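Since this is a predicted model, take the numbers as computed values, not measurements.
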Amino acid sequence: MSKAERLVEMMITINAKKRFTVGELANEFSVSRRTILRDLQELEQAGFPLYSEVGAAGGYRILKERILPPIAFSESEAKAIFFACQALQYHRDLPFEQETISVMKKFLNCLPLDMQNSITQIQNKIVFWIPDRHCDSPLLQSMFLAAINRHAATIRYSSAHSESTRTIIPIGLYAMNRLWYCPAYCTAANQIRVFRVDRIKEIIEEKPYPKGKYPIPASIQEYLEKAEVKNDYHMKIQLTDIGVKRCESECLLISRKVAAFVCLSAALERSSQGRPERSSGNGIRKTCIKAADTWVQESAFPS
């Protein structure tokens, strides 16, 4: 095994251990203790966060901010990573916003010039656009960590109608139309509610809660799948002319089924008033008619 290969293998081995000694590594890699000490010194100089402890029970351990071993990516895989990050471009807040910017800079600087130009073309040609809600979520990362660590959080929450203090057990977080939502079990309401993260003004207290005490889903995916199973209702919508135009042009205002229903309702309204329907193709009208014949699912509005 060459020295470069040994250093990479050593990084992988060290990352998997909480504590280790020079003797353990020397036995594992079949080299002398002196060679291991030189290798560890080179890793430290390269930025690997090692901490040494002296004494009979001493050894080495890795600091909290560990450095991961090198990973080889193909050109297509590198482009896929930047493509995925492009989807986050228009989110005002992210749990690891500065880290995301940092990792993209590091990654891009390591690529050959032709791949950098190719990725720039992807960034210039592909956009995952979502409307700007102008709502900052300064406590997003704190709520993210509370959900990850399975902590209950006592929060000061400002809804559209009032401000209150309540204790919640976060299930997780999800983003929709540039807003972050936190489904959580509310101890005051004794049921799961959905809280907008930008409306959480303060986290007063955070502490672990007994496992199994509250009836909450094990994951955010499980919650969202269950939330989609609702009773179906017919809907009748009446809009002004301005509302009709906005719903026809801004499809993000309403769900796809409701948008189709509104388009058909608008067309029928124009016909009943003797106004010609603006033609946008027979296919669209057929889609509207088909959607109008289906049920429109009830939405779960956040608290």
Side-chain angles (χ1 to χ4, degrees), residues 1-16 39 42-50 62-148 172-182 196-198 219-221 224-225 249-253 255-256 259:
M1 180 186 295
S2 67
K3 181 179 179 180
E5 290 175 332
R6 187 175 68 248
L7 288 174
V8 172
E9 287 294 326
M10 191 176 294
M11 290 177 68
I12 296 173
T13 301
I14 290 173
N15 266 304
D39 289 347
E42 289 190 27
L43 289 177
E44 284 185 293
Q45 291 174 350
F48 206 78
L50 294 173
I62 302 179
L63 299 178
K64 186 177 181 180
E65 288 293 333
R66 296 184 295 177
I67 295 179
L68 299 180
I71 303 173
F73 293 102
S74 68
E75 181 175 347
S76 296
E77 288 171 338
K79 290 179 180 178
I81 291 174
F82 279 92
F83 186 83
C85 289
Q86 192 78 343
L88 304 175
Q89 180 182 6
Y90 286 98
H91 280 284
R92 180 179 287 268
D93 297 291
L94 294 170
F96 298 101
E97 188 168 4
Q98 292 303 318
E99 290 83 353
T100 302
I101 296 172
S102 174
V103 73
M104 285 298 100
K105 286 183 177 179
K106 288 181 180 180
F107 199 16
L108 189 62
N109 290 335
C110 290
L111 298 178
L113 184 60
D114 61 323
M115 284 187 63
Q116 292 186 26
N117 293 333
S118 179
I119 286 170
T120 300
Q121 287 298 317
I122 292 176
Q123 293 173 331
N124 290 337
K125 300 299 182 181
I126 303 293
V127 169
F128 295 86
W129 184 84
I130 49 178
D132 190 356
R133 302 290 185 179
H134 302 287
C135 297
D136 293 322
S137 302
L139 296 176
L140 175 62
Q141 187 169 19
S142 298
M143 292 304 301
F144 169 78
L145 293 174
I148 293 295
L173 298 170
Y174 67 89
M176 185 172 64
N177 290 343
R178 215 168 185 175
L179 293 174
W180 284 94
Y181 297 90
C182 177
R196 271 178 46 177
V197 180
D198 61 286
S219 68
I220 188 67
Q221 291 83 0
L224 291 173
E225 288 171 1
S249 61
E250 300 178 35
C251 58
L252 290 175
L253 289 175
S255 70
R256 187 176 301 175

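- Legend: residues meeting side-chain hydrogen bond (donor to acceptor under 3.5 Å, both in side chains) with E75, ordered by chain and number and at least two apart, are K79.
- The side-chain heavy atoms of Y181 and R196, taken from C-beta on, include a pair separated by under 4.5 Å.
- Note that the CG atom of N117 and the CG atom of L111 stand 11.0 Å from one another [nearest 0.5 Å].
- Here CD1 of I14 is found 8.5 Å from CE of M11. Values are rounded to the nearest 0.5 Å.
- Atoms CG and CD1, on D114 and I119 in that order, are 9.5 Å from each other to the nearest 0.5 Å.
- Rounding to the nearest 0.5 Å gives a distance of 5.5 Å between CG of L7 and CG of L43.
- Listed here is the closest heavy atom pair of A147 and G172: CB-CA, 4.0 Å.
- In this structure, CD in E225 is found 10.5 Å from CD1 in I220, a value given to the nearest 0.5 Å.
- Counting heavy atoms from C-beta on, the side chains of V197 and F144 never come closer than 4.5 Å.
- With sequence neighbours left out, E9 forms a salt bridge (charged side-chain N to carboxylate O under 4.0 Å, His left out) with no residue at all.
- Two residues are said to be in side-chain contact when any heavy atoms from C-beta on lie closer than 4.5 Å; I122 and F82 fail this criterion.
- Under the 4.5 Å side-chain criterion, counting only non-hydrogen atoms from C-beta, T120 is not in contact with L108.
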